[in-house]
Student: 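I am attaching a structure below and will ask some questions about it afterwards.
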Amino acid sequence: MEAPPAAAWQPQEEGFREICGLLEHQISPTSTADKSQIWQQLQHFSQFPDFNNYLAFILSRAEGKSVEIRQAAGLLLKNNLRNAYKTMTPANQQYIKSELLPCLGAADRHLRSTAGTIISVIVQLGGISGWPELLQAVITCLDSNDLNHMEGAMDALSKICEDIPQVLDTDVPGLSDRPIKIFLPRLFQFFQSPHTSLRKLALGSVNQYIMLMPAALYESMNQYLQSLFALANDQAAEVRKLVCAAFVQLIEVQPSFLEPHLRSVAEYILQVNKDGDDEVALEACEFWSAYCDAQLPPENLREFLPRLIPVLLSNMAYADDDESLAEAEEDESLPDRDQDLKPRFHTSRFHGSDSAEDDDDDIVNVWNLRKCSAAALDILSNVFGDEILPTLMPVVQAKLSASGDESWKDREAAVLALGAVAEGCINGLHPNLSQMVGFLIPLLDDKFPLIRSISCWTISRFSKYIVQESGHQKGYEQFDKVLMGLLRRILDSNKRVQEAACSALATVEEEAAEELTPRLEIILQHLMCALGKYQRRNLRIVYDAIGTLADAVGAELNQPAYLEILMPPLIAKWQQLSNSDKDLFPLLECFTSIAQALGAGFSQFAEPVFQRCIAIIHSQQLAKADPVAAGFPYDKEFIVCSLDLLSGLAEGLGSGIESLVSQSNLRDLLLQCCMDDAYDIGQSAFALLGDLARVCTVHLHPRLPEFLDVAVKQLNTPKLKETISVANNACWAIGELAVKVRQEISPVVMTVMSCLVPILQHSEELNNKSLTENSAITLGRLAWVCPELVSPHMEHFMQSWCIALSMIHDDIEKEDAFRGLCAMVRINPSGALSSLVFMCKAIASWHEIRSPELHNEVCQVLHGYKQMLRNGAWDQCMSALEPPVKEKLLKYQV
């Protein structure tokens, strides 16, 4: 396939035939040829510099070939260009471009569309100014009045607008205006086209610019809005959907443009919210949440609520084609398919005050009109509160009292609505809450599985209040009924109900905590029964409910009778799974919670658990180096979960873990993990380093300099913002090591200090409460163990350090930091003089210093300054403090 001079590139007949033959085999469903062999041959041809010219020729000129072959050539060309375009000779680039432009007007729609896709890829790779003929060709086609040409050009233009909208809003050499300014009037014109395809493509293209809001669109906003109103009742559903999408985006990004028209827009959206086409209604429904999220004045929506709320409720009923309806028929005996198992994400262990909260996510994550309507009702209830109840409750009550099998979807939607407003309308619902819960409890046993599952969810949304009321007899009886009802549903034969009941139980467990103790045995029995009968997907949720239970009741779980029920089935599951089976993740997490709850009580189970974690980490590190030899692909999540379980063991067993650590190579594995590039491995590794420092420093000792070195590197990085959670845990671990190894930390003290001081001084920009707190504590701990090294530099950091200390809650770590403060002041009292006011505020931030000797040291520091500052200087310092601060300092007799 050697190319003649590019000026007159012509395909060789033989090469043309061969490539067409391969493409024909590749796309033919009946071809007996080996598809992978064809793929390899096409890859081999890609080596020839003019192979892509052949593909362009086939797409644009192979009139005798089927549309399918020509389209296949185009799609292969698109994929090749992604990798090869920038390294192609300019002559070949030019040839391909010149063949694509005539395709814009091809008679066949598929060929036009394929050409549009390739054109967008070339613009992505080479920019718009690298192809001046393109703009001219598109304009000529748009202005041609030939439907094929207009559609082909509009299709290409819409793909550019979707993939790389910003390129049309840049200055192009040789053009007096930016391309978007040239195209907008033509796009607006197409809004009025009799051809649906042109209206849809033009509107979709302009909508891509709402977020970017180029000057050209900003200046034509009135025309755009008028055009949107004109299309509002278009007969084509996809056009109506795009009109709604435009209003939703405008309310998010540029609400000021819609303000003068808000009533008519809201009125329109309310009507379209009832559109016969669910996709249009869904797009319209997004408007209400978008309006509230943009924090616009609620009063503009108030007048619509009486009509809007019934619409939302009626859209909350399951649609006949909702896939949940088919799933709800699935019996528990049906094994889960792999695609039923949603990917799960483990959050690495985090030491500090702002670890992420996880949302109670809806069960099956397909966004549809039902969920969007429930979300809108939820957000409206948060904005308007109890105001919506007079409209909502009569509709809910009417739906709930509808009897008969045919109205079950209405009953289900009413229960969903109660759950959706549980947060926003709690004050208004509160007086009748026990009646409402009393009404929901029997629905846990309804004959329709989706009513049973939604009742679990709605009850869990009120769990906080159900638990609060359990202090008196009647409230406790109701709490018990809820608990027993959920436990019955955990053993439901329907998978969807099992899932909802387990999630709801986990929510109730979090709220109820030690209130669960009297019922622990029966809860454990039900959960273990579920463990025996659930399929894979729901097993994960049982593990979560067991882990949450352990977190909730803590040491109460440490009774022989409970462990007898709990541990054998869990250990049996543990033994069934291989070290590379992903179903191990939720079980590792579950064991982490149990180990922390049982404390020393876990020691009888600890050894096999500890050894398996070590084996998993080791095997994953081997798989990282050579997955073929390991026999399975590397997956860092195994390492993260194992490190976190080891942390749980260290926390639970305390120094009892020492014998296990001493007989293992954990130290070397851990050092490797601390050096890992993956943030979540680093985060969990440094958490474990700190936990081990607390309970068995002696086993870290041989490699202490290396651990310190790698921890310091985390603080001294230009990418601190990206790796902040790793830095946070590394910082905490350095402090934990410091208080154990004392003077041996001295080689790194200056380096660590030089990293921590800028973090404290720039805490506003970093905006990470945990890192600021941990930096302040670690700096204080270094000052406590090596005051002679830190105190000469006090005046550089006293102010920002004291501000950070005053934000920290009373605890052991804060005590250590203040020991450091006292030790430094003893050596260098003048270092803190200029920051005395801030020091006084930090001391006043204590609720109570529990340690008597630290309390005395703080008294001595304050008295020392009072004696040092004569001639009214001390009183002047005191007068700069707010009255509550002065009052707190009275405890220290100054």
Side-chain angles (χ1 to χ4, degrees), residues 109-110 112-113 116-117 120 138 141-143 145-163 165 168 180 183-213 216-217 220-254 257-258 261-262 264-288 290-291 311 315 319 367-369 372-373:
R109 187 167 60 84
H110 298 291
R112 294 197 299 268
S113 174
T117 305
S120 172
V138 169
C141 289
L142 293 178
D143 295 350
N145 272 335
D146 170 297
L147 183 58
N148 289 349
H149 281 79
M150 293 191 293
E151 232 180 53
M154 205 46 252
D155 181 80
L157 185 57
S158 76
K159 283 169 178 156
I160 292 172
C161 292
E162 188 175 340
D163 298 334
L168 298 184
I180 184 70
F183 286 126
L184 264 180
R186 293 174 165 85
L187 293 172
F188 288 146
Q189 225 169 329
F190 279 163
F191 281 21
Q192 297 158 26
S193 164
H195 304 287
T196 300
S197 60
L198 292 178
R199 294 197 305 281
K200 179 182 133 193
L201 289 168
L203 179 50
S205 300
V206 180
N207 284 5
Q208 294 296 336
Y209 286 93
I210 295 176
M211 291 295 176
L212 289 174
M213 197 47 73
L217 181 56
S220 357
M221 203 33 125
N222 274 335
Q223 188 183 355
Y224 178 40
L225 289 174
Q226 292 314 315
S227 310
L228 285 175
F229 291 134
L231 288 173
N233 297 310
D234 198 281
Q235 78 267 21
E238 57 252 68
V239 174
R240 295 197 302 280
K241 181 178 165 183
L242 285 165
V243 172
C244 293
F247 286 139
V248 170
Q249 283 192 53
L250 281 166
I251 207 76
E252 285 172 347
V253 183
Q254 298 283 348
F257 288 125
L258 284 185
H261 314 281
L262 200 61
S264 41
V265 171
E267 188 62 61
Y268 166 69
I269 293 281
L270 181 60
Q271 296 316 313
V272 191
N273 222 163
K274 299 181 270 200
D275 199 283
D277 184 298
D278 266 5
E279 284 195 22
V280 180
L282 170 59
E283 202 56 66
C285 191
E286 298 282 5
F287 180 84
W288 311 110
Y291 184 93
V311 173
N315 285 344
W367 196 239
N368 54 26
L369 181 57
C372 186
S373 304

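Computed from a predicted model, the values in this text were never measured in an experiment. For the numbers below, each heavy atom of this structure counts, side chains included, while hydrogens, waters and symmetry mates do not.
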Student: Over all heavy atoms of both residues, which pair between Asp277 and Arg240 is shortest? Give the atoms and the distance, please.
Tutor: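 Closest heavy-atom pair between Asp277 and Arg240: CB-NH2, 4.4 Å.
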Student: Please report the interatomic distance CG(Asn368) to CG(Asp278), rounded to the nearest 0.5 Å.
Tutor: 8.5 Å
Student: Please report the shortest heavy-atom distance between Ile251 and Val248, naming the atom on each side.
Tutor: CG2-O, 3.1 Å
Student: Roughly how far, to the nearest 0.5 Å, is the CG atom of Leu217 from the CE atom of Met213?
Tutor: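 The CE atom of Met213 sits 4.5 Å away from the CG atom of Leu217.
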Student: If the condition is side-chain contact (heavy atoms from CB on, under 4.5 Å), which residues does Cys141 pass it with, not counting sequence neighbours?
Tutor: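 Partners of Cys141 under the side-chain contact (heavy atoms from CB on, under 4.5 Å) test: Leu104, His149, Ala153.
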Student: Who pairs with Glu279 by salt bridge (charged side-chain N to carboxylate O under 4.0 Å, His left out), at least two apart in sequence or on another chain?
Tutor: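 Partners of Glu279 by the salt bridge (charged side-chain N to carboxylate O under 4.0 Å, His left out) criterion, ordered by chain and then number, come out as Lys241.
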Student: Taking side chain to side chain donor-acceptor pair (under 3.5 Å) as the definition, give me every residue that meets it alongside Gln271, ordered by chain and number, with sequence neighbours left out.
Tutor: Glu267
Student: When you compare the side chain of Ser373 with that of Trp288, does any pair of heavy atoms fall below 4.5 Å?
Tutor: no
Student: Could I get the full list of salt bridge (charged side-chain N to carboxylate O under 4.0 Å, His left out) partners for Glu151, not counting sequence neighbours?
Tutor: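 Salt bridge (charged side-chain N to carboxylate O under 4.0 Å, His left out) check on Glu151 returns Arg112.
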Student: Would you say the side-chain atoms of Ser220 pair up with the backbone N or O of Ala216, donor to acceptor, closer than 3.5 Å?
Tutor: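 Side chain of Ser220 to backbone of Ala216: a pair is present.
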Student: Using the test salt bridge (charged side-chain N to carboxylate O under 4.0 Å, His left out), find all partners of Lys159 that sit at least two apart in sequence or belong to another chain.
Tutor: Asp155
Student: Table please: side-chain donor-acceptor pairs of residues 226-237 below 3.5 Å, with sequence neighbours left out.
Tutor:
residue	atom	partner	partner atom	Å
Ser227	OG	Gln223	O	2.7
Asp234	OD1	Arg199	NH2	2.9
Asp234	OD1	Ala236	N	2.8
Asp234	OD2	Arg199	NE	2.7
Asp234	OD2	Arg199	NH2	3.4

Student: Quick one: which residue pairs count as a side chain to side chain donor-acceptor pair (under 3.5 Å) with a foot in residues 185-194, not counting sequence neighbours?
Tutor: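 Matches after skipping sequence neighbours: Asp143-Arg186.
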Student: Is any side-chain heavy atom of Leu187 closer than 4.5 Å to one of Leu157?
Tutor: yes
Student: So which pairs with a foot in residues 191-213 pass ring pair (Phe, Tyr, Trp, His ring centres under 6.0 Å), sequence neighbours left out?
Tutor: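 Passing the test, one end in residues 191-213: Phe188-Phe191.
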Student: Carefully, step by step, assess Val138 and Ile160 under the rule side chain to side chain contact (heavy atoms under 4.5 Å, CB included).
Tutor: CA-CA 12 Å; Val138 169; Ile160 292 172; over 6 Å; no
Student: Rounded to the nearest 0.5 Å, what separation is found between the CD atom of Gln249 and the CD atom of Gln208?
Tutor: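 Gln249 atom CD to Gln208 atom CD measures 7.5 Å (nearest 0.5 Å).
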Student: Over all heavy atoms of both residues, which pair between Ala202 and Phe190 is shortest? Give the atoms and the distance, please.
Tutor: CB-CB, 3.6 Å
Student: Can you check whether Val243 reaches Val272 side chain to side chain, under 4.5 Å on heavy atoms?
Tutor: no
Student: Got a sec, which residues hit ring pair (Phe, Tyr, Trp, His ring centres under 6.0 Å) with Phe257, two or more places apart in sequence or on another chain?
Tutor: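 With sequence neighbours excluded, Phe257 shows a ring pair (Phe, Tyr, Trp, His ring centres under 6.0 Å) to Tyr218, given in chain and number order.
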Student: Roughly how far, to the nearest 0.5 Å, is the CG atom of Leu369 from the CG atom of Asn273?
Tutor: 7.0 Å
Student: Not counting sequence neighbours, which residues clear side-chain contact (heavy atoms from CB on, under 4.5 Å) with Asn207? List them please.
Tutor: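 Asn207 satisfies side-chain contact (heavy atoms from CB on, under 4.5 Å) with Leu203, Ile210, Tyr224, Leu242, Ala245, Ala246 once adjacent residues are dropped.
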Student: Return the set of residues passing salt bridge (charged side-chain N to carboxylate O under 4.0 Å, His left out) with Glu162 (not counting sequence neighbours), or none when no residue passes.
Tutor: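 Residues passing salt bridge (charged side-chain N to carboxylate O under 4.0 Å, His left out) with Glu162: none at all.
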Student: Start with the C-alpha gap between Lys200 and Ser158, add the side-chain angles, then the distance that decides, and say whether side chain to side chain contact (heavy atoms under 4.5 Å, CB included) holds.
Tutor: CA-CA 10 Å; Lys200 179 182 133 193; Ser158 76; over 6 Å; no
Student: Nearest 0.5 Å, please: how far is CZ in Phe247 from CG in Leu258?
Tutor: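 Spacing of CG (Leu258) from CZ (Phe247) equals 6.5 Å.
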Student: Identify, with sequence neighbours excluded, every residue that meets side chain to side chain donor-acceptor pair (under 3.5 Å) alongside Asn315.
Tutor: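 Side chain to side chain donor-acceptor pair (under 3.5 Å) check on Asn315 returns nothing, list empty.
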Student: Look up atom CD1 in Ile269 and atom SG in Cys285, then write down how far apart they are to the nearest 0.5 Å.
Tutor: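 Output value for this atom pair is 10.0 Å.
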